[in-house]
Amino acid sequence: MSNLVIVGMQWGDEGKGKIVDLLASSADAVVRFQGGHNAGHTLVINKKTFKLSLLPSGIVRQKLSIIGNGVVLDPIHLEKEIREITNQGIDINFSNFVISSDCFVILPIHRYIDSLRENQKKGSNKIGTTGRGIGPAYEDKVSRRGIRFSDFKNIEELEEKFISIYNHHNIWIKKFEGKEISYENDFEKILKCYHNLSKYIDDTWLLLKQLNDKNKKILFEGAQGFYLDIDHGTYPYVTSSNTVAANAFTGSGASPNYLKKMLGITKAYTTRVGNGPFPTEENNDVGEKLGKIGNEFGTVTGRKRRCGWLDIVMLKKAITVSGINGLVLTKLDVLDTFTDIKICTSYKIDNQIFEDYPSSMSSQQHIIPIYETLKGWKEKTKGITNFKNLPLNAQNFVNRIQSLVNCNIDIISTGPERNENIIINEVFN
Ligand code: GDP
Ligand code: IMO
Ligand code: MG
């Protein structure tokens, strides 16, 4: 049993897609288990860029790619993404791509509600969602109104379900917009997509059992990051799914017994896209510089990402709650030109020192970060593949993080390309 879960340790965009692609070379299957096309994963392979939102990042290596039941899936978007990736020369067919029949469907009305709600909120009350209908689709799932792919087997009952979802939301939409959304067009559109996608739909929990029984290697690919988790994140400025490693089981139907390695991905600094607290944010020249060198613009919405220093307090909670037993440190090269590099080691809130992340939003909004300052290396690390070839101050930076969080850094990423990595420990062989 050498299956692996990969999850983000921050607010997403840690470089998960790149690392999943790297490690997928050793995998027999790659599984998405939560989120939807709010995710944006960029892979750079021999200067060619692949942008994935719903398709598991293993698809680029033509590995068996599975979308688990925990994902909310927009069929219109998926068809488009399949077309785009196919046009880039990747063969997607029913033997290398499978969607769970228990997967919930994002309908056009979910996207509409997502934008409408955000537009109604003012200033800092806006979550800053990706506007892709993720929250409303998960709400319908939890309210037991949602539509799953297995529901498409009975078209009459499916139409009834559509009608009841649209009726439910139209009460509110009519109040604010003065008009209703009719279900008929959307029903036809989604039905057409289903017919095109039906060849991929299957019982994926069973497929995972069969793979595990044959000792096949399964890689579970998280989307978003720990602090966007609906339970453990900076609520309400979060996404609507659990992004912690434990959701790899619930969101796919895989047994917890399948797993032993949980790999957490963290940038060498921190970014966030959307609103909400960000203790180490550098809303100044430092943040601008990190963003410019790191090319910190959202893959999905193109929004500028907020940038700041690495936060050890946050990292420690993410490691504990997700049971992380190995880290990947990405984007080390982005720090190459900084004279001083800061790491936040504790917080001051109302004149008290905290070593652990506080749960209340009001505390989170009043954090004063306490920093340790390390000397920068002012040398190029981009593309380095051997730890000993890193400048001494870069080695010190990596070692200091390891000792502060008490967890191994197994891989360091030194550039966006597939082969720009320092492999310290083999994590998946
Ligand atoms: P994900 O959502 O976690 O998969 O991350 P994204 O793909 O949204 O954002 C990470 C961005 O950083 C992408 O554009 C990657 O190509 C890029 N990237 C990943 N690792 C590195 C690295 O080590 N150095 C640099 N400079 N860029 C990286
Ligand atoms: P990847 O997988 C970064 C953020 C949004 C917003 C909040 C809620 O690429 O790391 P949602 O549309 O999910 O209801 O938005 O979550 N968000 C992400 N931020 N990376 C992501 O995914 C994200 N997915 C959602 O910006 O703040
Ligand atoms: Mg991303």
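Remember, it's 1-based here, ligands and their atoms both numbered in the order they're listed.
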Practice task
With the Mg ion (ligand 3) as the centre, enumerate protein N/O/S atoms below 2.8 Å in chain and residue order.
Solution key: Asp13 OD1, Gly40 O

Exercise for the section: Check whether any N or O atom of Val44, backbone or side chain, sits under 3.5 Å from an N or O atom of ligand 1, and answer yes or no. Expected result: no

Practice task
Report yes if some N/O of Glu14 lies less than 3.5 Å from some N/O of ligand 2; otherwise report no.
Solution key: no

Practice task
For atom 3 (O) of ligand 1, state which one of Gln224, Lys16, Glu417, Gln10 supplies the nearest heavy atom.
Solution key: Lys16

Problem - Short N or O distance, Arg303 and ligand 2, threshold 3.5 Å exclusive - result: yes

Practice task
For Gly128 and ligand 2, answer yes if some heavy atom of the residue is under 4.0 Å from a ligand atom, otherwise no.
Solution key: yes

Practice task
For Phe94, look at atom CZ and say whether over 12 heavy atoms of other residues, nucleotides or ligands are found less than 6.0 Å away.
Solution key: no

Exercise for the section: Could you find the nearest protein heavy atom to atom 15 (O) of ligand 2 and give me its residue, atom name and distance? Expected result: Thr129 CA, 3.3 Å

Practice task
Answer with yes or no whether Ser240 contacts ligand 2, where contact means a heavy atom under 4.0 Å from a ligand atom.
Solution key: no

Problem - Asp13: partners by salt bridge (charged side-chain N to carboxylate O under 4.0 Å, His left out), with sequence neighbours left out - result: Arg305

Problem - Protein heavy-atom partner closest to atom 14 (O) of ligand 1 - residue, atom, separation in Å - result: Thr42 CB, 3.7 Å

Handout entry: Ligand-residue contact atoms, ligand 2 with Ala39, heavy atoms, under 4.0 Å
Key = 1 (P), 2 (O), 9 (O), 22 (O)

Fill in the blank from the handout: Sequence neighbours excluded, the answer for ring pair (Phe, Tyr, Trp, His ring centres under 6.0 Å) partners of Phe338 is Trp309

Handout entry: Within-cut-off N or O pair, Val273 and ligand 2, under 3.5 Å
Key = yes

Practice task
Would you please determine whether Arg305 falls within less than 4.0 Å of ligand 2 on a heavy-atom basis?
Solution key: no

Practice task
Examine ligand 2 and decide if any of its atoms is less than 4.0 Å from a heavy atom belonging to Val238.
Solution key: yes

Handout entry: Contact check, Gly8 vs ligand 1, heavy-atom distance below 4.0 Å
Key = no

Exercise for the section: State which residues pass salt bridge (charged side-chain N to carboxylate O under 4.0 Å, His left out) with Lys317; sequence neighbours excluded, sorted by chain then number. Expected result: none

Exercise for the section: Indicate yes or no: does an N/O atom of Leu228 lie under 3.5 Å from an N/O atom of ligand 2? Expected result: no

Handout entry: Centroid separation Tyr227 to Tyr357 less than 6.0 Å
Key = yes

Exercise for the section: Say whether Leu332, considering both its backbone and side-chain N or O atoms, lies within less than 3.5 Å of an N or O atom on ligand 1. Expected result: no

Handout entry: ligand 2 contacted by Arg132 (non-hydrogen, < 4.0 Å)
Key = no

Problem - ligand 1 to Gly12 polar contact by distance, N or O atoms, under 3.5 Å - result: no

Practice task
May I ask you to check whether Asp114 has an N/O atom sitting below 3.5 Å from an N/O atom of ligand 2?
Solution key: no

Practice task
Would you kindly check if the NZ (Lys) or CZ (Arg) of Lys331 is within the cone defined by 45 degrees around the ring axis of Tyr269 and under 6.0 Å from the six-membered ring centre?
Solution key: no

Exercise for the section: Specify side chain, backbone, both or neither for Tyr237, according to which of its non-hydrogen atoms lie closer than 4.0 Å to ligand 2. Expected result: neither

Practice task
Please indicate whether any nitrogen or oxygen in Ser413 is less than 3.5 Å from any nitrogen or oxygen in ligand 1.
Solution key: yes

